[in-house]
There are 2 protein chains.
Amino acid sequence: MTPYELRQLAARGEFTSPTAGYCEGYVQANLVALPEQYAQDFEAFCRKNPKPCPLLEVVGPGTALTSRLAEGADLRNTLPRYRVWRDGKIQQETQDVTAFYQEDLVFFLLGCSFSFESALVQAGISLRHVEEQRNVSMYNTNIELEAVGVFTGSMVVSMRPIRYDRVIDACLITAHYPEVHGAPVHIGYPHLIGIADLQSPDYGDSVSIHADEIPVFWPCGVTPQNVLVQAKLPFAITHAPGHMFVGDMKNADFYQEIR
Amino acid sequence: MTPYELRQLAARGEFTSPTAGYCEGYVQANLVALPEQYAQDFEAFCRKNPKPCPLLEVVGPGTALTSRLAEGADLRNTLPRYRVWRDGKIQQETQDVTAFYQEDLVFFLLGCSFSFESALVQAGISLRHVEEQRNVSMYNTNIELEAVGVFTGSMVVSMRPIRYDRVIDACLITAHYPEVHGAPVHIGYPHLIGIADLQSPDYGDSVSIHADEIPVFWPCGVTPQNVLVQAKLPFAITHAPGHMFVGDMKNADFYQEIR
């Protein structure tokens, strides 16, 4: 299935599942849509916190059609599942947000770690959550974000156990993809970033960690949704977790030289 | 003092100290000199183990004059102090090895971590052994080297305690300098690479490690000397630890893109 085909199926309500494992090699993105009055601050917030909130494309106001990640994809119905937020709470989940569209909405597409995960697997670094068919483990941390307006909070991280002799490789490989979270933010000592128990993640599932593995922590795309809850905006739309926007750009297009 | 001036003083026997802290910004190198019959295997060994044994220049047989790291420096007297080895043991230390020169000697200059240390300091990452005016802590490990002929053994690593929120930076900064050992070989868990007690280094001095710091381990230039001891060659010359060859190339000349 091509990304275009997946988006067309989603638009017709015929694709409603999580997107992980579909359209291998193509970029997937987190969605946050806000009324224009909050958009400038949210964009500034993303630019000040590029590791957890890497901005791939901004769409609108006045349009819901992408141009960078895909040509002319309608962000109101080409994702398989959305969340509609009121006053910082999830009001409903739905497959189409066309009925909620307002001319003043600005859509933010943020990078997702699926892109660097395929680079890790290609380098022979296995991913425990994939092996165990679970969601990746995610945790709240004490790593403060740079606040802009109502947008503030601390970073959410995803954790992957990596065999001790591949940790440096995992760090360097992912550092080549800063637009999809990039290098780890921490290696090895969860208590130093405010995580008490690796077996009790705040989001996602717990996974096994072997004796020869080290927990490696990456900035996580759940961060912006977590910030959104705290900001208690009257209205917002996001993707439902795991139900990402699938674009026409390849993950490899995001490969960059490491500064 | 320029590198040329330091080398001239050393050649006249007027500079005999360790070279750390001299000629800031210029490359320093480890020296190993062997009879030609062992040179091919040793060069192959270095090329198979480039992290601990990064080959910067090979000089001879038939000459002792450098061309890459400096133009025409005589490796028989421009280092401040040498070790002369017989049957894998140190026979003597001396300031000039001209009397021991044989036409069949091949001189190997190997990268030294001084080069990436200045890059770390420039990024605001402090070095405990410098702060405490001690030698860096070095350890034998269980990381096996690729053997070639008589040259075999395990990697020696140097350890620097890095504050937990700069570990990734330290990894990425040093990865830009593969010819001077490059990225760390391990982060965080000494027992996984066969180190029982960080406070009992096998070479150099112990340093303080603070509660918010993580021990980071880099491949170390002591590795080739350690291998040389085990190879028990009838004759060899090396620099005395800390008394390096100082070249005319800048550390910055060794900056590379990370693959």
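A note on names: the letters A, B, ... follow the listed sequences, proteins ahead of strands, and every chain is numbered from 1. As the structure is a computational prediction, the values presented were derived from the model and not from experiment.
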Exercise. Take atom CD in Glu132(B); do more than 12 heavy atoms of anything else shown fall under 6.0 Å from it?
Worked result: yes
For this session: For Ile214(A) and Ile187(B), work out which heavy atoms get closest and say how close.
Result: CD1-O, 3.6 Å
Exercise. What part of Phe217(A) lies closer than 4.5 angstrom to a heavy atom of chain B: side chain, backbone, both or neither?
Worked result: neither
Problem set entry | Tyr22(A) atom OH, neighbour heavy-atom count above 12 within 6.0 Å | no
Exercise. Is it the case that more than 12 heavy atoms not belonging to Gln133(B) sit under 6.0 Å from its CD atom?
Worked result: no
Seminar exercise, completed: Here the gap from Gln256(A) atom CD to Ile258(B) atom CD1, rounded to the nearest 0.5 Å, amounts to 13.0 Å
Exercise. With a 4.5 Å heavy-atom cut-off, do Val185(B) and Ile168(A) have their side chains touching?
Worked result: no
Exercise. Does CD belonging to Glu257(A) count more than 12 external heavy atoms closer than 6.0 Å?
Worked result: yes
Exercise. Any idea which heavy atoms bring Leu192(B) and Asp212(A) closest together, and the distance?
Worked result: CD2-CA, 4.2 Å
Exercise. Does CD belonging to Gln40(A) count more than 12 external heavy atoms closer than 6.0 Å?
Worked result: no
For this session: Tell me, for His191(A) versus chain B, whether the close heavy atoms (under 4.5 Å) come from the side chain, the backbone, both or neither.
Result: neither
Exercise. Any donor-acceptor pair under 3.5 Å linking the side chain of Tyr164(B) with the backbone of Ile193(A)?
Worked result: no
Exercise. Should the heavy atoms of other residues, nucleotides or ligands under 6.0 Å from OH of Tyr177(B) be counted, would the total exceed 12?
Worked result: yes
